[in-house]
Amino acid sequence: MPAASKIVQIDPKKFISKAVSAIPRSGIRDFFDIVQSMKDVISLGVGEPDFVTPWHIREAAIYALERGRTGYTSNLGLLSLREAIAASVKKHFKAAYDPAGEILIAVGVSEAMDLAFRALINPGDEVIYHEPCYVSYAPGIALAGGVPVAVSCRPENAFSVTAAAIEQAVTPKSKALVLNFPTNPTGGTMERGELEKIAALARRHNLAVITDEIYSELTFEGEHVSIAALPGMKERTVFLHGFSKAYAMTGFRVGYACGPAAIIDAMMRIHQYSMLCASIISQEAALEAIQHGEADTLEMREQYRARRNYIVSAFNEMGLPCHKPRGSFYAFPCIQSTGLSSKDFARQLLEAEKVACVPGSAFGPTGEGYLRCCFATALDRIEIAAERMARFVQRVRS
Ligand SMILES: Cc1ncc(COP(=O)(O)O)c(C=O)c1O
């Protein structure tokens, strides 16, 4: 048996950069390290579909291997995939991009987002984002040398962001605006009228817009509108999308960016020296997904819808007010009436009832008093989780 290696202590101040030392560890990951070490936990935690990638998509990956498709691709990604993305984005989002120079395939939306930040931000540039939000935005902006500026979304408006609130955050240093609809963690969506006002604001203040539309296929009500498709916006917008959520392909790590050629080229220059390209096997699978996977996405969405309806009613019945998310696969119940902080609630719930949820505070200060519960889990598991949570809430209150 190999001898266990000794943990070496180092002086972080000497070796770790100041920029990295200043960013916190993700609240989600910390929590899930604990969950991983426990048995029989029902997880409403990590934002990941419980479905396995549809078989025809997995088969495309296997077939790519069988054909010996094991090398690098172009830095921009496979042209065939870029062409299919262009067709899909035109059909579903009404935005036209040239596969030759306006689309870049990356290692997930995570990498595409990082590339966009690094390509656009100069030191000290302010980047506005709405909060509570996905955990990567503020650290990503800061690591690129920018200053993250949060716009808090009010629970009274089901956490939707308004142009007026964004306007208040604009200063002469504002460079870009990050949008995410449907929103992780609140499930908020955006009406066309308000999005038009936000677009007008971006044009007026000459802001770049980075729009993360990874949950767009998981819109349950209303029309999903992309800001990239609004008049005068293509020239200032980086549209980000990927395969992780819509096709249950988190492990394949494929996402993409569409935008003006000069921005995509700048992003590509970082990508070519850091990542080189996304895995060809994953790109082949993504091609199958985007060309033949729409029915799978719709089928999964209907299952998420049924789970959403169930979990939202269950929260309201147990006295945790919860708005109905119009998109994504997250419910965001308010736990303030229990008197516990969101971290304490999540920790005590896990210990007492073995249900894992993410404290709302992991998504920004406005998330305090809330819990993010991912309903990308089988309905029978959600039913048991809801029973356990109701028991926990009753005990805390008594
Ligand atoms: C809003 C949002 N953007 C981006 C990502 C990262 O997606 P990917 O798996 O494509 O890197 C996530 C993952 O949870 C997310 O919720």
Side-chain angles (χ1 to χ4, degrees), residues 26-29 31-32 43-51 53 57 77 81 85 103-117 127 129-141 148 150 153 159-161 177-190 209-219 224 226-227 238-258 267 271 274-275 278-279 282-283 285-286 289-290 293 297 304 325-332 357-358 360 362-364 367 372-377:
S26 157
I28 304 185
R29 292 291 149 196
F31 197 66
F32 280 89
S43 180
L44 308 180
V46 174
E48 168 160 63
D50 59 321
F51 301 106
T53 310
I57 300 173
L81 178 55
I85 288 169
I103 299 175
L104 167 75
I105 294 157
V107 181
V109 170
S110 304
E111 194 219 349
M113 173 77 59
D114 182 50
L115 295 174
F117 289 150
V127 180
Y129 63 98
H130 52 102
E131 172 268 323
C133 66
Y134 181 49
V135 291
S136 292
Y137 299 153
I141 294 162
C153 297
F159 292 100
S160 72
V161 69
L177 170 66
V178 180
L179 299 175
N180 170 224
F181 306 115
T183 308
N184 173 7
T186 60
T189 56
M190 176 55 65
V209 176
I210 300 167
T211 177
D212 176 351
E213 309 204 11
I214 194 165
Y215 294 103
S216 54
E217 284 82 1
L218 306 183
T219 300
H224 175 82
S226 174
I227 196 164
V238 182
F239 169 93
L240 303 178
H241 201 359
F243 294 82
S244 289
K245 316 289 174 172
Y247 303 100
M249 288 178 68
T250 47
F252 283 84
R253 312 303 307 124
V254 194
Y256 55 90
C258 305
M267 291 169 65
H271 175 74
S274 52
M275 210 58 71
S279 150
S282 297
Q283 291 190 56
I290 205 161
T297 302
Y304 293 137
R326 291 162 68 90
S328 82
F329 42 48
Y330 304 110
F332 206 56
C357 305
V358 185
F363 306 95
R372 190 191 77 174
C373 304
C374 175
F375 49 81
T377 299

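Owing to the predicted nature of the structure, the values given are computational and were not obtained by experimental measurement. Just so you know, ligand 1 is whichever comes first in the structure, and atom 1 is the first atom listed for that ligand.
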Are Y256 and H241 side-chain neighbours, meaning at least one heavy-atom pair lies under 4.5 Å?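 Counting from C-beta outward, Y256 and H241 do come under 4.5 Å.
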is_close_aromatic(F243, F252), centroid dist under 6.0 Å: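 Aromatic pair excluded; centres sit 6.0 Å or further apart.
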Start with the C-alpha gap between I214 and N184, add the side-chain angles, then the distance that decides, and say whether side chain to side chain contact (heavy atoms under 4.5 Å, CB included) holds. CA-CA 10 Å; I214 194 165; N184 173 7; over 6 Å; no
Contacts of type side-chain contact (heavy atoms from CB on, under 4.5 Å), residue P182, not counting sequence neighbours: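 With neighbours one apart ignored, the set is T189, Y215, T219, H224, S328.
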Under 3.5 Å side-chain donor-acceptor pair for S226 and E213: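 The answer is yes; a qualifying pair exists.
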Can you list, by chain and residue number, every protein residue with a non-hydrogen atom closer than 4.0 Å to ligand 1?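 Residues near ligand 1: G108, V109, S110, Y134, Y137, N180, N184, D212, I214, Y215, S244, K245, R253.
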Euclidean distance, F51 CZ relative to T250 OG1, rounded to 0.5 Å: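 Reported value, rounded in 0.5 Å steps: 13.0 Å.
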